[in-house]
Amino acid sequence: MSVVGRDLATGVQKFHIKPTSRLGGVGIMVGYLSSLAALFALQRTLFDGLSPELIQIWFGLALASVPVFVAGLKEDLTHTVSPIVRLTFTMLSAALVYWGLGIGVFRVDVGLVDAFLSLPTAAFFVTLLVVAGCTHAVNIVDGFHGLASGLMIIMITGLMAMAWLAQDTLVVRLCGLVLLLTLGFFVFNWPSGKIFLGDAGAYLLGFLVVELSLLLVNRNLQISPMAPVVVGIFPLIETLFSIYRRKFVRQHPIDHPDGLHLHTLVYKRLVARPARQLSEKHKNQANAQVAVYFWLPSLFFTLLAVYFRENTNAQLILIVMFLALYWWVYSRLVTFRVPHWLKRPL
C-alpha cells in the first residue's frame, strides 16, 4: 500500500527496508516537459532549426501519454485504481498515437499474422493490445532497485543502435531523449533506492519505449519487427508467465499479487539467503544486486537482436532460446534446486 505517494516496506512484493517515495514518474514527466520546452526554444533560436517531425512526434507522444500517466499517478497516490481502469487508459493512449501519429503494429514478418493485420481494423486493435501489454510489462518487473529502469536503459540503447545502423537520425534522437530521462531517474534509484518509479513512471517509460519500437520498424522496413521484441523479451515473458501461473496453476485472479516472480525468487534463493538474518544495510545491498542478474542476459540478447536486426528467423530463434533459459532458471529456483554458481554472497 502507499501513503501520500510513499511505498510501505510491507507486503508480499515489498523488499525495501523503509517507506520510500514512489513518485519517480513525476520527475520523469517534469523532465519530459522540460525537454519539450527546450526543443521548442531551440527551434526558434537555432539557425537551421530542428526537425519539425521530431518535435511533432515528441509533442504528440507527450499528449498521448497523459491518460496512462494520470492513471498510474492516481494509483501511486491512492492505490485505488483497478487494473482494468489502468489498462483502459493505456489503450486510450495507444489509440491517440495510432490516430494522431500513425504509429502501430502493421507487420510482424510472419505470413499468417501479417495477413490478419491486413484486415480492416485488425492493426488498430492489435496495436492497442501490444502497447497496453508491453507498457504493463514494465510495471510487472518494477520490484527491485534498478531492475525496471536498468532494463529500460538497455532496451532504449538497443533501439537507438538499430536506428543508428539504419541511419534513422530521427529515431536516434528520440531514443536519446528517453535515455536521458531514464538515466536521470536511475542514478537515484540504483543502488540506494532513494526513490521508486511507481506506476506512473513505469507506465510512462514502458509506453514511450514500445511506441519508439513501433516507430523504428514502421520507418525502417529492413528491420525485423521481432527485433524490438527480443530487446524487451524479459518483461514480456515475465508478464505472460505471471498470467499463466496465477490463472491456471494457482487459480487466482491474474491481478492477485504473489511472491513468485522470477526476480522475487532470485532475491530469496540467490541473494538474501535467508533475508531475516541480514542487517538493513545488507538487505539494501541484496535488493540492488537482484537487477544485475537480469541486466546481463538482457544485454546479451539485446546485442544479438541488434546484430540480427534484419533477420526475423534469427529473432524467433532468440525468443525460443530465451524462453528455454527462463524456464530452466525458474524451474530450478522454484523447486529449491539452486545452481551454486548462480549464488552471490553479500
Taking the side chain as every heavy atom from C-beta outward, state whether [X] and [Y] have any atom pair closer than 4.5 Å.
| X | Y | value |
| --- | --- | --- |
| I195 | F185 | yes |
| L117 | V105 | yes |
| H263 | Y293 | no |
| Y32 | L177 | no |
| V217 | F106 | no |

Worksheet item: Do V292 and F186 share a hydrophobic cluster (ILVMFWY, side-chain heavy atoms under 4.5 Å, transitive)?
Response: yes
For [X], look at atom [atom1] and say whether over 12 heavy atoms of other residues, nucleotides or ligands are found less than 6.0 Å away.
| X | atom1 | answer |
| --- | --- | --- |
| Q222 | CD | yes |
| W327 | CH2 | no |
| F124 | CZ | yes |
| F89 | CZ | no |
| F188 | CZ | no |

Discussion item. Between D168 and R219 (salt bridge meaning N to carboxylate O under 4.0 Å), is one present in this structure?
Written reply: yes
Can a donor-acceptor pair be found between the side chains of [X] and [Y] at a distance below 3.5 Å?
| X | Y | answer |
| --- | --- | --- |
| S192 | H145 | no |
| W58 | S35 | yes |
| H136 | T239 | no |

Item to complete: Using the side-chain contact (heavy atoms from CB on, under 4.5 Å) rule, pick out the option among V171, L101, I103 that qualifies with N218.
Response: I103
Discussion item. Can you tell me which residue among L183, T182, V141 is in a side-chain contact (heavy atoms from CB on, under 4.5 Å) with M152?
Written reply: T182
Practice prompt. With R86 as the cation and Y203 as the aromatic partner, state whether NZ or CZ is under 6.0 Å from the six-membered ring centre and within 45° of the axis.
Written response: no
Which heavy atom in [X] sits nearest to a heavy atom in [Y], and how many Å separate them?
| X | Y | value |
| --- | --- | --- |
| Q289 | V271 | OE1-CG1, 3.4 Å |
| L23 | D76 | CD2-CB, 4.1 Å |
| Y267 | N287 | CE1-N, 3.9 Å |

